[in-house]
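Before any comments, here is the structure.
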Amino acid sequence: MWSIILHGGAKSIAEKDAPANRAGCQRALEAGVEILKHGGNSVDAVEAAIRVLEDDPTFNAGYGSARNADGEVEMCAALMEGAGFNVGAVAVAKGVRNPISVAKAMLYEEPVLIAGDGARAFAAEAGERLCDPDAMIAMGKRSAHEERGHDTVGCIARDGTGCLAAAVSTGGLEGAPAGRVGDSPQPGCGFYCDDDIGGVVFSGDGEQIARMILAARVMQALEDLSPDQAVEAALAHLERTGGQAGGIVLTPDGKFGWGHNSDDFAVAIASSASPVPKVYLRKGEASHG
Ligand code: GLY
C-alpha cells in the first residue's frame, strides 16, 4: 500500500494561474507515483515530486524563486524520513539547481542543516547540479510575493514497506533581508516525519509558523485527532500570532489530511487504493483529475 500527498503553496491563485497550478501539481504527483507504484521508496518519491515543482516557475521554489532585498535568490529545502528520524536541510542556498536534491544528499550526514556558502560547497562535493545564482530567477515572472503572496511546496509519501518521508522546498520571501530563514528547513516548524505517527509539511508565513512550531503541534495532535482536525488545530494556534498557512498530513495507515487559512492551497493526492490523481486548488473544491 502506497500513498502520496503534495501541495503547491498557501497563497492566492488568480483565475488565470489556476490551470498552471493544477497541471504542475498533477505532473509532480505523477513523478512521485511512478516511483511508488514500481516499488520505489518514499525518500525517492518525495524528491522526484518536489524536483518537478522546483523546475516549474509557477511555484516559489527552485527555478522561479522569490528575490530578497538584494535582488538575489536564496532557497531553503529539507527532507526527513520517519524510520530513523534522519533529516537533511539546506538554507540560504544560492546557485544550486534543485535544493531538494541537496537536502536529500545530506539526509544521512551528521549535520541536520547547512546554510549559505556551506550548502553550495556541500552540493558541489555531493555532485549536485550547480548553476549561476541568477539562473534561478524566472525572467518575465513577477515576484511570487508581489503577485500571489509567498508560498512553498511540500510532499509526503508512504511507500510499500510503510516508510514515510516528508519534503519541503521554498524560494523564500520576496524582499526579505539577505540571509533570512523561515520555517521550511527547521524540523518541527515547517515539517516533521515519524513512521509511527505520520508526516506533516507546512507552507505560509515562515516567521509565524516557526514561532508557533506548527509541525510539532500537528505531530502531538495526531495522537488524538484525525489528520484534518490536527491541521485545523495547528492553524487555530496560528491565530495567536496571526499569519497565513496551509498544511498537509499523511498517517502511517495512509490517511490524508490538509487545511489552510490562506485563500487557496493547491493539493494533489493519490494512493495504491485510488491511483488516479486528485487535484484541488482549495479545501472544499470538488477534485479534478
Ligand atoms: N514558508 C516559507 C518561508 O516563509 O520561507
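Positions are given from 1 along the sequence.
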Sorted by first residue and then second, give each salt bridge (Lys or Arg N to Asp or Glu O under 4.0 Å) pair with at least one member in residues 97-106; sequence neighbours left out.
D44-K104, E47-K104, D55-R97

Determine whether the side chains of T241 and Q208 contain a donor N or O and an acceptor N or O closer than 3.5 Å.
no

Are D56 and T58 linked by a side-chain donor-acceptor pair shorter than 3.5 Å?
yes

Decide if atom NZ of K255 counts as having more than 12 heavy atoms of other residues, nucleotides or ligands within a radius under 6.0 Å.
no

Over 12 non-hydrogen atoms of neighbours within 6.0 angstrom of CG in D117
no

I need the minimum non-hydrogen distance between [X] and [Y], along with the two atoms involved.
| X | Y | answer |
| --- | --- | --- |
| Q186 | A210 | NE2-CB, 4.1 Å |
| P185 | G182 | CD-O, 3.6 Å |
| L222 | A230 | CD2-CB, 3.8 Å |

Point-to-point distance, once rounded to the nearest 0.5 Å, from CG of D195 to SG of C163
5.0 Å

Going from SG on C25 to CG on L53, what distance comes out if it is rounded to the nearest 0.5 angstrom?
6.0 Å

Verify, without hydrogens or angle tests, whether Q244 (side chain) and G204 (backbone) share a donor-acceptor contact under 3.5 angstrom.
no

Using a 3.5 Å distance criterion without hydrogens, assess whether the side chain of N41 forms a donor-acceptor pair with backbone atoms of V43.
yes

With the threshold set at 4.0 Å, does a side-chain nitrogen-carboxylate oxygen contact exist between [X] and [Y]?
| X | Y | answer |
| --- | --- | --- |
| E285 | R282 | yes |
| E207 | R180 | yes |
| K283 | D228 | yes |

Chi angles and distances behind the side chain to side chain contact (heavy atoms under 4.5 Å, CB included) call for Y108, E81:
CA-CA 10 Å; Y108 299 104; E81 56 82 29; 3.9 Å; yes

Could you go through the side chain to side chain contact (heavy atoms under 4.5 Å, CB included) check for H7 and W258 one step at a time?
CA-CA 9 Å; H7 75 76; W258 57 289; over 6 Å; no

Side chain to side chain contact (heavy atoms under 4.5 Å, CB included) between F191 and V87, worked out:
CA-CA 10 Å; F191 69 95; V87 178; 3.8 Å; yes

For a quick test of your reading: what N or O donor-acceptor pairs under 3.5 Å do the side chains of residues 265-272 make, sequence neighbours left out?
residue, atom, partner, partner atom, Å
S271, OG, A273, N, 3.4
S271, OG, S274, N, 3.1
S272, OG, W2, N, 3.0
S272, OG, W2, O, 3.4

Any V153 side-chain heavy atom under 4.5 Å of L6 side chain:
no

What verdict does the salt bridge (charged side-chain N to carboxylate O under 4.0 Å, His left out) test give for R51 and E54, after you've listed the backbone C-alpha separation in whole Å, the side-chain angles of each residue and the deciding distance to 0.1 Å?
CA-CA 5 Å; R51 280 180 69 105; E54 285 181 342; over 6 Å; no

Side chain to side chain contact (heavy atoms under 4.5 Å, CB included) between L214 and L238, intermediate numbers included
CA-CA 8 Å; L214 288 199; L238 200 60; 4.1 Å; yes

Using the rule that two of Ile, Leu, Val, Met, Phe, Trp, Tyr join whenever any of their side-chain heavy atoms come within less than 4.5 Å, decide whether F256 and V231 are in one cluster.
yes

Return a table of donor-acceptor pairs under 3.5 angstrom between the side chains of residues 120-131 and protein atoms on other chains or two or more places apart.
residue, atom, partner, partner atom, Å
R120, NE, K94, O, 3.1
R120, NE, G95, O, 3.3
R120, NH2, C131, O, 3.0

